[in-house]
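The following block contains the structure, expressed as structure tokens.
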Amino acid sequence: MNRLEMTEGSDFRHWDELIPDALGLIFSKLPLQEILTVIPRVCKSWAKAVLGPYCWQEIDIEEWSSRCQPDNVDRMLQMLVNRSGGSLRKLCVTGLHNSNIFSFIADHAGSLQTLRLPRSNISDALVEQIAGRLSAVTFLDLSYCDKISASSLESIGKNCKALVGICRNLHPLHTAGMPLLDDEAYAIAATMPKLEHLEMAYHPLSTKSVMTILSSCPNLEFLDLRGCWDVRLEDKFVAEKFPKLRVLGPLVRDYYERNEWDECSDYSYISDDLAWDFSADYFDDDAESYDDPWDDEDRLEGLELRFYEGIDEVGGGFGWPPSP
């Protein structure tokens with residue numbers, strides 16, 4: 001039975017005949033590495049679907065970016081955000097260093113609701129410049145961003161009126177022995193009244209500043225105060241006055257989730273597992289080149305899987321996985 005007869009006698013459609021939008025929604029559930037290195041080699045329609053916006057409404061390269069050189073992270077981010085076609089709703093990436101990339105993100109944030117930028121080298125001046133373009137953001141993570149202060153949070157609060165969640169955790173080694181510093185807490189209380197989720201682990205906060213937050217943010221349901229050693233909140237008081245609120249900390253009763261401050265953010269680190277990267281040619285994202293990608297072997301070879309066995313063997317061999 002040939003393919004045409006199978007199609008006519010069945011209610012099922014072949015995968016390569018699905019519309020690109022449907023394929024994109026399916027592929028968006030796959031790991032990033034598979035979307036970029038395996039799917040494009042299956043067939044023409046799948047390769048075209050990967051270029052469409054439906055695969056890239058949510059971009060999470062946080063784990064991948066923690067192991068890569070900043071220049072490669074910037075280029076990857078630009079490629080994927082451009083593919084989203086203005087429909088980007090969620091972006092997670094860590095360790096950004098280039099000020100231009102923050103402006104690029106803000107320029108494409110019209111539909112952006114969740115933005116996670118932990119461990120990024122962003123400054124107060126830069127936050128003030130881009131905050132007005134982040135007005136659609138409802139959840140923001142600026143944990144371990146050491147160069148911002150209360151003024152950044154104030155700019156964010158004044159411009160992101162729909163903000164309901166913010167993560168502003170600090171590294172415990174950076175705050176050990178510091179005197180009480182409540183300015184960020186007061187900035188949050190003054191400008192973010194709709195907050196439902198707030199993380200401020202290892203901030204040198206006072207009880208008074210935390211009470212100001214609780215009074216100013218009546219919708220708050222979760223508050224992370226782990227490592228905020230000077231805060232004193234009695235469980236009975238919280239249960240009576242704020243029955244919807246769950247407070248975590250100040251005591252750290254168990255191993256901190258993922259032990260985040262010990263995770264390596266140095267891009268020179270290469271794990272023993274498969275590490276993957278892209279040649280420079282691949283970042284030139286040209287949709288027209290996918291009109292017939294199977295006739296362009298040079299284009300295909302521009303996408304490489306590299307197997308790193310150690311820091312001294314970065315130039316090791318590479319190859320494609322078996323074709324599906």
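What you see below is based on every heavy atom in this structure, not just the backbone, and it leaves out hydrogens, waters and symmetry mates.
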Rounded distance (nearest 0.5 Å) linking atom NE2 of H203 with atom SG of C228: 7.0 Å
Test log, rule side-chain contact (heavy atoms from CB on, under 4.5 Å), inputs L233 and M211: CA-CA 9 Å; L233 292 178; M211 289 301 301; 3.8 Å; yes
Hey, could you give me each pair passing ring-ring contact (aromatic ring centres under 6.0 Å, His included) that has a residue in residues 66-101? Not counting sequence neighbours. none
Set of side-chain hydrogen bond (donor to acceptor under 3.5 Å, both in side chains) partners for Q78, sequence neighbours left out: none
Could you tell me the separation between the CE atom of M76 and the CG atom of L36, rounded to the nearest 0.5 Å? 5.5 Å
In chain order, what residues pass the salt bridge (charged side-chain N to carboxylate O under 4.0 Å, His left out) check against K158, with sequence neighbours excluded? E154
For the backbone of G86 and the side chain of S111, can you confirm whether one donor and one acceptor N or O come within less than 3.5 Å of each other? yes
Student check: side-chain heavy atoms of P118 and E62 closer than 4.5 Å: yes
Holding to side-chain contact (heavy atoms from CB on, under 4.5 Å), I want the full list of residues that pass it with E128, two or more places apart in sequence or in another chain. S155
Mind checking what makes side-chain contact (heavy atoms from CB on, under 4.5 Å) contact with Y186, not counting sequence neighbours? D182, K208, S209, T212
Quick check against the 3.5 Å criterion: does S135 have a side-chain atom that pairs as donor or acceptor with the backbone of N159? no
Are L115 and D141 close enough that some pair of their side-chain heavy atoms sits under 4.5 Å apart? no
At their closest point, which heavy atom of A189 faces which heavy atom of S216, and how far apart are they? O-CB, 3.3 Å
Connected via hydrophobic side-chain network under 4.5 Å: V164 and I166: no
List for me each residue that meets side-chain contact (heavy atoms from CB on, under 4.5 Å) alongside S152, sequence neighbours excluded, and say none if there are none. D124, V127, I148
Hey, quick one: are L180 and L225 part of the same hydrophobic cluster, counting side-chain heavy atoms closer than 4.5 Å, chains of contacts allowed? no
Can you list everything that forms a side-chain hydrogen bond (donor to acceptor under 3.5 Å, both in side chains) with H197? Sequence neighbours excluded, please. E199
Say whether V81 and V73 are linked into one hydrophobic cluster, either directly or through other cluster members, by side-chain heavy-atom distances under 4.5 angstrom. yes
Mind listing the closest non-hydrogen atom pair of A150 and A187 along with its distance? O-CB, 3.7 Å
So do R232 and T207 actually touch side chain to side chain, heavy atoms under 4.5 Å? yes
Could you tell me whether the side chain of L205 reaches within less than 4.5 Å of the side chain of M200, counting heavy atoms only? yes
What pair of heavy atoms forms the shortest contact from L30 to I39, and how long is it? CD1-CD1, 3.8 Å
Is the shortest side-chain heavy-atom distance between Y144 and N169 below 4.5 Å? yes
Counting only heavy atoms not in E63 (residues, nucleotides, ligands), do more than 12 fall under 6.0 Å from its CD? no
How long is the span from the CE atom in M79 to the CG atom in L51, to the nearest 0.5 Å? 9.0 Å
Can T114 and V137 be said to form a side-chain contact (heavy atoms from CB on, under 4.5 Å), step by step? CA-CA 6 Å; T114 298; V137 171; over 6 Å; no
Partners of Q113 by side-chain hydrogen bond (donor to acceptor under 3.5 Å, both in side chains), sequence neighbours excluded? none
From L117 atom CG to C145 atom SG, the distance as rounded to the nearest 0.5 Å: 6.5 Å
Output, in order, the C-alpha distance, side-chain angles, deciding distance and verdict of side-chain contact (heavy atoms from CB on, under 4.5 Å) for N82 and H108. CA-CA 8 Å; N82 283 329; H108 294 78; 3.7 Å; yes
Tell me, do C217 and P193 make a side-chain contact under 4.5 Å, heavy atoms counted? no
Taking the side chain as everything from C-beta on, heavy atoms only, tell me whether R116 gets closer than 4.5 Å to C167. yes
Quick check against the 3.5 Å criterion: does W46 have a side-chain atom that pairs as donor or acceptor with the backbone of L23? no
Cut-off 3.5 Å, no hydrogens considered: what does the side-chain donor-acceptor table look like for residues 99-107, sequence neighbours left out?
from, atom 1, to, atom 2, distance (Å)
D107, OD1, R133, NH1, 2.4

Treating S120 as the side-chain partner and L96 as the backbone partner, does any N or O pair qualify as donor plus acceptor under 3.5 Å? yes
Let me see the working for D146 and H171 under side-chain contact (heavy atoms from CB on, under 4.5 Å), right down to the final yes or no. CA-CA 9 Å; D146 299 330; H171 195 300; 5.5 Å; no
List for me each residue that meets side-chain hydrogen bond (donor to acceptor under 3.5 Å, both in side chains) alongside N121, sequence neighbours excluded, and say none if there are none. K147
Salt-bridged, E184 to R168, with N to O below 4.0 Å? yes
In Å and rounded to the nearest 0.5 Å, what is the CD1 to CG distance from I156 to L142? 5.0 Å
Linking I/L/V/M/F/W/Y whenever their side-chain heavy atoms sit closer than 4.5 Å, directly or via other members, would L134 and F139 fall into one cluster? no
Review item, side-chain donor-acceptor pairs of residues 239-252, under 3.5 Å, at least two apart:
none

Listed partners of L181 passing side-chain contact (heavy atoms from CB on, under 4.5 Å), at least two apart: M178, D183, P204
Could you tell me the separation between the CG atom of L163 and the OG1 atom of T191, rounded to the nearest 0.5 Å? 8.5 Å
Side chains of W56 and F27: does their closest heavy-atom pair fall under 4.5 Å? no
Backbone N or O of R226 within a donor-acceptor pair of the D224 side chain at under 3.5 Å? yes
